Structure formats: C-alpha cells, structure tokens
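Letters go in sequence order (proteins before strands), and every chain restarts at 1. None of these values were measured; they are calculated from a predicted model. We use all heavy atoms of the structure for the numbers below, so side chains are in, but hydrogens, waters and symmetry mates are not.
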Amino acid sequence: MNLNQPINEGEKILLATQGNKEAFSVLVEIYQARLRAFAAKYVDNSEEVFDLVQEAFLDAYTHMGKFEPEKEFGPWIRTILKNRIMNHFRSKKIRRNIQLSIVDEAILEKMSEAKDDEFCEDKVLSLKDCVSQLRKQHQDLIQWRYADKVPVKDLAYSLKQSASAISMKLMRIREILRTCMNGKLGDVKA
Amino acid sequence: MNLISLDLLINSYLDGDIETKEAKELASIIRSSSKQSQWIMDELAMRGWLAQALNSIPANKFKQSFLERLNAEEDSSDFLKEFERRQATGDHHTISYTPPNSLSKILIFTQAALQQFNFRLNYIFLAAIVLIPCLWFSFSYINTNKGSSIVTESGPGVQLIRKNQSLSLQKGTSLTAGDRLITPLSSGVFININEGCQLSLKASSELSFVPLHPARFHNKQGNLVLEKGDLEMKNNRSTESPLLSTSHLELELQYGAVELSTTQSSSLVKVLQGVCHINERGRLGQHTLFGGQYFLINSQGLIEKNNTSMNHLTHFKK
C-alpha cells in the first residue's frame, strides 16, 4: 500500500467491522507506528512493544464487530493497547524478581491514572531526526544503550569510564535530544 | 534526591540490578505526585521512544508479520498438522489427548487467581498462602508418581533413567520430575506434556524433567531441559507450555510450533509458527520470535537472529 495515496479510513473501518481482513490490515498499517510509540511510553523493550501492539490488533480484530464505525478508531485501539500493557505488567510480575516488581507496580499505578490521550508518534519521528544530528560518538552510545540495551555497567567497562560518568553522559545526550525534539514539535505546531 | 541519583536508579531498574531499598525508594517517588515522579515517567518514556526511533520497523513488515500471526491464530489446527507432518517416523500416529487431571485443574485455578491478585505490600503473607498448598500439591504429585506428561509413542531403544535405574520406555508411561530420556541414534519419542502441548524428542538426544513438575504450576522455573540433541514442540494457543531450557537459553512457546537443537557450544531455536519468548541464560537478553524466525546463540550470547527458510537447520553444524 502506498501511504501517500489518500485512504478512506472510514470505509476501511466499516469493511473491517464486517470481518474484512484486508481492510483491517490497512488499519494495521496506518496505526502500527502510532501504537508502538504509545506503548514505548511504558515499555522500553522494542520486541515487547512489537508483541504487545500485535496482540492489541488481534484483540481489536476479534472485537471489530462490536466497534461502532461512527466513533474514532484511534482512541478505541489505544485503550485496547493500554489494557494489554497493564496486563503485561501484571503477568510479568510472576517471572520478575521482587525488586523489579516493586517498581513495575508503581509504574502500573501511575499508568492507570494517566490520561494518555495522545499517540506520541510525532515524538519518535522527531527523535529519529534528532539522533541523526548527533555526533557519531554520541550516536553510538545512544545506539548501544537504548537499542541494543547494553547495561550501563558493561558500557562503563568497555569504555573504561565509571558507571556514573556514562550515566551522566547519557543524561546530557538525552537532554540535547529532548530540546531538539521539543523544538521540532514546536515548529510543527507553529 | 537529585536527578543524577534518580537517573542512576532508573538505569539500575532497567538493567535489572536494582537493590530492594533502592527499588522501594524509586517506587515511592513514582507514586508521589511530585515533579520528580513526572520526571521519572518522562525519562522512561524518552528511553522507550529512543528505542523505537533506533529500531524502526517498516509498516509493511509489521503488517505482514501481523497477518501471519492472525492467520495462525485463526487456524490453530495448522500447528497440529505441521507437527504431525514433521514427525520423523513418517507414521500417521494420532497424538492422544490426555484430559487434565483434577490436580491440574486446581493448579490452573491457583495460577489464575495468583495472576489476578493485587500483591501490594503483603508479599510474604500471600506467598505463604499460595506457596504452601501449591508445594504440597507438587510434592504429593511427585510422591504419587502421577505425571501429566505421557509417552504417546516410543521408538526402540529409548531409555528412561529414573532414580539411577535404566527402564524401557513404553506407550502410556508417565514421566515425572527427575526423569531423564535418552534416545538412540535411530529413534525418538513423542510425549503429551499437557492438554494441547506435545513434544517430539528426536534421535541422539537427552531430555531431563527437572523438579518441580507438572509444567502448569512451575513452568517459569524451567522444567524441561534439553541436554543435547533436537526436539520439536507444538503448543495449542489455549494452553500454557512448559519452559524449555538448554545451557544457553530458556524458551517459552506462547503458541505454535518450535524446533530446538542444542550442542555443548550453541543452541538453535527455529519458530515454525506462532510466538516464542527466549531469555538468554545468565544474561539480560530477552527476545520474542515469530513464525519463520530463527535464533542462534552460544555461551557468549546471541549470534544470529533472522528470518529463515524451512531448511535452516541444515546450517546448524553439530
């Protein structure tokens, strides 16, 4: 599908409510990045995010017959995903150690209170742009830490620096990225 | 607490090495309505968005993967067909259905209740309530030797090692914690692990049933260990599969069918259909694989993870 082509989303939703798999797959293509950005707010592991978003789409497909086409699809599927993420936090408690579960539970509580009325896809897109503007050295560090999930202690050992020095460096880079991201989002809004 | 110290706590949490006292401190700040609480949530979100920005997945690839999964979900009988097709003997044995015994039903209920219960601060109290009866059930299970894992077909020469004695394996034999299966060069064995979950241990392989069995109760602790060789497992999506382990990884098949091979130096997972979760043994690496993906690992960690063809196993040198 060419996303540059105008898509009649309402029509696809209507067809999907009648069980049309092809129409639903178009909705998947449209909404997957938004939903992944939303899930990433609470889950930092990309593969878990991928899995959760797919499961949310599976839930949505199963219950598509109950969806009222005159309503907005975005908030509906976002709610499904949020429930999925909350269940994910609850179920992983069994396999996590007690220390991690203590923090997981606090995040879960915070999440249940949050309004969460936006997808945040624009933030991911802006960040992608902002990362490409970083120095190569900083790009590598960000890649190792946030994409490859290398623990700070391992980074410190490899780069022959203390864990706090690495942590500080990462914090500064995130600050640069945040400023850049907010600037880009401000530009878009303006 | 200043932001630098908070940042260190967040890193310890994400890296899985946070201490109990630090975890309580971090949780307490998150629960508060302070600016620091918001800062932590923003920081966690920032890390997640960065992971997404750095791991972009094309929309069409996501859609394709979703459709494969949807098709698998819609026709779970495919798993059985695939499993049966791949049974090495070529015989069309029916994989027998073993209804869950009353113990399994109680354990399913216990686990479901456990998952839904909100622990909060009374972990010890709840752990005592849940673990004591469950341990009692498990030990009574072991003592009475009533396994939910049943041998459905066994080739000639397959050995069952139980309490240091070598026994011949027959159709209908119950397998319990502590058992070890050793297959000869030319035959294998088929086992019903529980309702909806079947396992085929191939030739020249060794599989151990580690305490505590049955899988339903203690499946997160690792209960089937492939010591060497190859196996195939099929899990209907409605049942929980046991945790499979090798010396390099732990594997949980959410649903679908998977092939697992291991040698001293490495382990290979090939997901034929469905979804499979893998933990790198002794490391923090966690991976989710979908139908058509393989995962090769040695004791140093992940070697390769990718899409695969059905013949990928031929690349796995023993």
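Aromatic ring orientation, A/Tyr42 versus A/Phe38: perpendicular (interplanar angle above 60°, classes split at 30° and 60°).
Counting heavy-atom pairs closer than 4.5 Å to chain A, the top residue among B/Ala51, B/Ser28, B/Ser37 is B/Ala51. In terms of non-hydrogen atom pairs under 4.5 Å with chain A, the most contact-rich of B/Lys24, B/Glu19, B/Glu43 is B/Glu43. Chain B forms the most heavy-atom pairs under 4.5 Å with one residue out of A/Arg36, A/Lys123, A/Met171, and that residue is A/Arg36. Chosen from A/Asp148, A/Ile107, A/Val43, the residue pairing most often with chain B at heavy-atom distances under 4.5 Å is A/Ile107. Looking only at heavy-atom pairs under 4.5 Å with chain B, the residue among A/Val150, A/Leu58, A/Leu177, A/Val131 that has the most is A/Leu58. Per-residue heavy-atom pair counts under 4.5 Å with chain B were compared for A/Gln54, A/Lys41, A/Lys128, and the maximum is reached by A/Gln54. The most heavy-atom pairs under 4.5 Å with chain B, out of A/Met181, A/Gln143, A/Arg174, come from A/Arg174. Ranking A/Asp104, A/Asn45, A/Asp154, A/Leu170 against chain B, the residue ahead of the rest is A/Asp104, based on heavy-atom pairs under 4.5 Å. The greatest number of non-hydrogen atom pairs below 4.5 Å with chain A, out of B/Leu50, B/Val275, B/Thr20, is found for B/Leu50.
Using a 4.0 Å cut-off between a side-chain N of Lys or Arg and a carboxylate O of Asp or Glu, A/Lys153 and B/Asp15 do not qualify as a salt bridge. The residues B/Asp7 and B/Arg47 are annotated as salt-bridged, a charged nitrogen and a carboxylate oxygen being separated by less than 4.0 angstrom.
The distance from the CG atom of A/Leu127 to the CZ atom of A/Arg178 is 9.0 Å, given to the nearest 0.5 Å. The NZ atom of A/Lys110 lies 9.5 Å from the OG atom of A/Ser112; values are rounded to the nearest 0.5 Å.
Interface remark: A/Phe57 contributes backbone and side-chain atoms alike to the contact with chain B (heavy atom separation under 4.5 Å). When heavy atoms are compared at a cutoff of 4.5 Å, B/Leu44 approaches chain A by way of both its backbone and its side chain.
Of all heavy-atom pairs between A/Ala163 and A/Val152, the closest is O-CG1, 3.6 Å.
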For A/Ser126 and A/Asp129, what are the C-alpha separation, side-chain angles and deciding distance, and is it a side-chain hydrogen bond (donor to acceptor under 3.5 Å, both in side chains)? CA-CA 5 Å; A/Ser126 309; A/Asp129 230 18; over 6 Å; no
